[in-house]
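Structure record follows, encoded as structure tokens.
Worth knowing before you read on, the calculation uses all heavy atoms, side chains too, and leaves out hydrogens, waters and symmetry mates.
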Amino acid sequence: MKAIQVKQPGGPEALEFVDIPIPQPKANEAVVKIAAAGVNFIDVYHREGRYKLPLPFVAGQEGAGVVTMVAADVKRPKPGDRVAWAGI
């Protein structure tokens, strides 16, 4: 899948368009095909290194899309459900 990834802190040039593996859900997780993602100042601060995250990371603290997979222990949401989140 395609993603915008940060491998080293920096300015906008630190954003790289990359191919990454499709994630597999762990316990209590769902995988969502993102239809819309918000990028706000916390994402800029993460990219700049003001608030450190383990590298590399994909920026985006909010989004919306459709659930594609869930872990075996997840009852809700279900694949096909539309979801949205902020600050998770």
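Taking the ring pair (Phe, Tyr, Trp, His ring centres under 6.0 Å) definition, one finds that Phe57 meets it with nothing, sequence neighbours left out.
Checking side-chain atoms of Arg47 against main-chain N and O of Ala14 turns up no donor-acceptor pair under 3.5 Å. For Asp43 (side chain) and Gly60 (main-chain N/O), a donor-acceptor pair under 3.5 Å exists by modelled atom type.
The hydrophobic cluster of Val44 has no other members, since no ILVMFWY side-chain heavy atom comes under 4.5 Å of it.
Glu48 is not listed as a side-chain neighbour of Pro9, based on a closest heavy-atom distance of 4.5 Å or more. Side chains of Thr68 and Pro79 form no contact here, defined as non-hydrogen atoms less than 4.5 Å apart. Considering only heavy atoms from C-beta on, Val83 stays 4.5 Å or farther from Val66 through its side chain.
Considering CD1 of Ile20 and CE of Met1, their distance stands at 4.0 Å, rounded to 0.5 Å. Rounded to the nearest 0.5 angstrom, Asn28 CG and Lys75 NZ are separated by 10.0 Å. We find the CD1-CD distance between Ile42 and Glu62 to be 11.0 Å, quoted to the nearest 0.5 Å. To the nearest 0.5 Å, atom CZ of residue Phe41 and atom CD of residue Gln61 are 14.5 Å apart.
In this structure, Gln8 and Val6 approach most closely via the heavy-atom pair O-CG1, 3.4 Å. When all heavy atoms of Val67 and Lys78 are compared, the closest pair comes out as CB-O, 3.5 Å.
Screening residues 11-38 for salt bridge (charged side-chain N to carboxylate O under 4.0 Å, His left out) gives Lys2-Asp19, Lys7-Glu16 as the qualifying pairs, with residues at least two apart or on separate chains.
Under the 4.5 Å side-chain contact rule for hydrophobic residues, Leu15 and Leu53 share a cluster. Residues Ile34 and Val70 fall within the same hydrophobic cluster, defined by Ile, Leu, Val, Met, Phe, Trp and Tyr side chains chained together at heavy-atom separations under 4.5 Å. Cluster membership check: Trp85 shares its hydrophobic cluster with Val74, using side-chain heavy-atom separations under 4.5 Å among Ile, Leu, Val, Met, Phe, Trp and Tyr.
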